[in-house]
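Indexing begins at 1, ligand by ligand and atom by atom, following the structure's order.
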Amino acid sequence: MRRAIYPGSFDPVTNGHLDIIERGCKLFDEIIIAILINPEKRPFFTIEERRQILEEVLKGIERGTCGLRVDNFEGLLVHYAVAQQAHAIVRGIRAISDYEYELQMALMNRRLEPSIETVFMMPAEKYSYVSSRLVKEVFQLGGELQGLVPPLVEQRMKETRATGQ
Ligand code: PNS
């Protein structure tokens with residue numbers, strides 16, 4: 001039973017994240033999509049909203065026999081990974097610019113907990129420039145999100161804006 005943690009902010013989940021999860025499903029028996037509770041950031045969606053959106057959009061992805069679970073965590077990622085009896089942390093790398101930060105994190109995590117391996121995965125080229133940060137910026141400035149995020153995400157973003165939250 002190979003279990004991986006796919007950690008992140010997922011604010012919001014993008015098609016790039018889903019692409020990585022689909023690819024991860026070919027390698028692992030179970031992936032826990034773990035949303036970081038970060039009190040310092042002012043998020044677009046609450047943790048509960050992100051969890052609910054993830055659970056909904058995960059229903060539509062190619063997972064084979066891989067089990068998918070959504071959870072949230074706070075504190076050190078490696079502590080959470082050990083508590084979940086995970087073998088690996090999955091991170092998506094889009095470009096060389098991601099690599100420097102991701103390498104630092106992977107090596108720090110390895111120092112903190114040598115039993116957990118970090119696995120870097122590349123999303124499809126068409127998602128290589130998609131990030132949650134840019135998605136929010138494009139949305140806030142009135143741009144089109146089709147193809148970048150699942151339709152449910154765009155719908156929820158519009159609803160959140162409409163209610164003035
Ligand atoms: O999607 P993100 O925001 O780039 O994800 C970053 C994340 C959640 C992977 C990273 O911030 C993290 O692991 N935070 C938990 C705290 C921790 O373990 N810090 C030490 C990392 S070396």
(request) Before signing off on this row, confirm whether Arg91 and ligand 1 have an N or O atom pair separated by under 3.5 Å. (result) yes

(message) Does the protein place a non-hydrogen atom closer than 4.0 angstrom to atom 15 (C) of ligand 1?
(response) yes

(request) Around atom 21 (C) of ligand 1, find the nearest protein heavy atom and jot down its residue, atom name and distance. (result) Asn109 OD1, 3.8 Å

(request) Mark the output for Ala34 as yes if a heavy-atom distance to ligand 1 is under 4.0 Å, and as no if none is. (result) no

(message) For ligand 1 and Ser9, I'd like to know whether there is a polar contact (N/O to N/O, distance under 3.5 Å).
(response) yes

(message) If only side-chain N and O atoms count, and only distance matters, is there a donor-acceptor pair under 3.5 Å linking Gln52 with Glu48?
(response) no

(message) Looking only at distances, can you tell me whether any N or O atom of Leu77, backbone or side chain, sits closer than 3.5 Å to an N or O atom of ligand 1?
(response) yes

(request) Identify the protein heavy atom lying closest to atom 20 (C) of ligand 1, giving its residue, its atom name and the separation to 0.1 Å. (result) Leu76 CD2, 3.9 Å

(request) Please identify which atoms of ligand 1 are closer than 4.0 Å to at least one heavy atom of Gly75. (result) 15 (C), 16 (C)

(message) Just to confirm my output: which protein heavy-atom neighbour is closest to atom 10 (C) of ligand 1, and how far is it?
(response) Met105 SD, 3.9 Å

(request) Kindly work out whether a path of hydrophobic side-chain contacts (I/L/V/M/F/W/Y, heavy atoms less than 4.5 Å apart) joins Val153 to Leu36. (result) no

(request) For ligand 1, note which part of Leu36 has a heavy atom under 4.0 Å away: side chain, backbone, both or neither. (result) side chain

(message) If we ignore hydrogens and angles and just use 3.5 Å, is the side chain of Arg91 paired with the main-chain N or O of Pro7 as donor and acceptor?
(response) yes

(message) Please determine whether the number of non-hydrogen atoms from other residues, nucleotides or ligands lying under 6.0 Å from atom CD1 of Ile96 exceeds 12.
(response) no

(message) Please check this pair: side chain of Arg94 against backbone of Pro123, looking for a donor-acceptor N/O pair closer than 3.5 Å.
(response) no

(request) For the pair Thr118 (side chain) and Ile89 (backbone), establish whether a donor and an acceptor sit closer than 3.5 Å, ignoring hydrogens and angles. (result) no

(message) Give the atom numbers and elements of ligand 1 that come within less than 4.0 Å of a heavy atom of Met108.
(response) 22 (S)

(message) Once rounded to the nearest 0.5 Å, what's the spacing between atom CZ of Phe139 and atom CE of Met157?
(response) 5.0 Å

(request) Under the salt bridge (charged side-chain N to carboxylate O under 4.0 Å, His left out) rule, what do Arg133 and Asp11 come out as? Steps first, then yes or no, please. (result) CA-CA 8 Å; Arg133 185 179 64 81; Asp11 187 37; over 6 Å; no

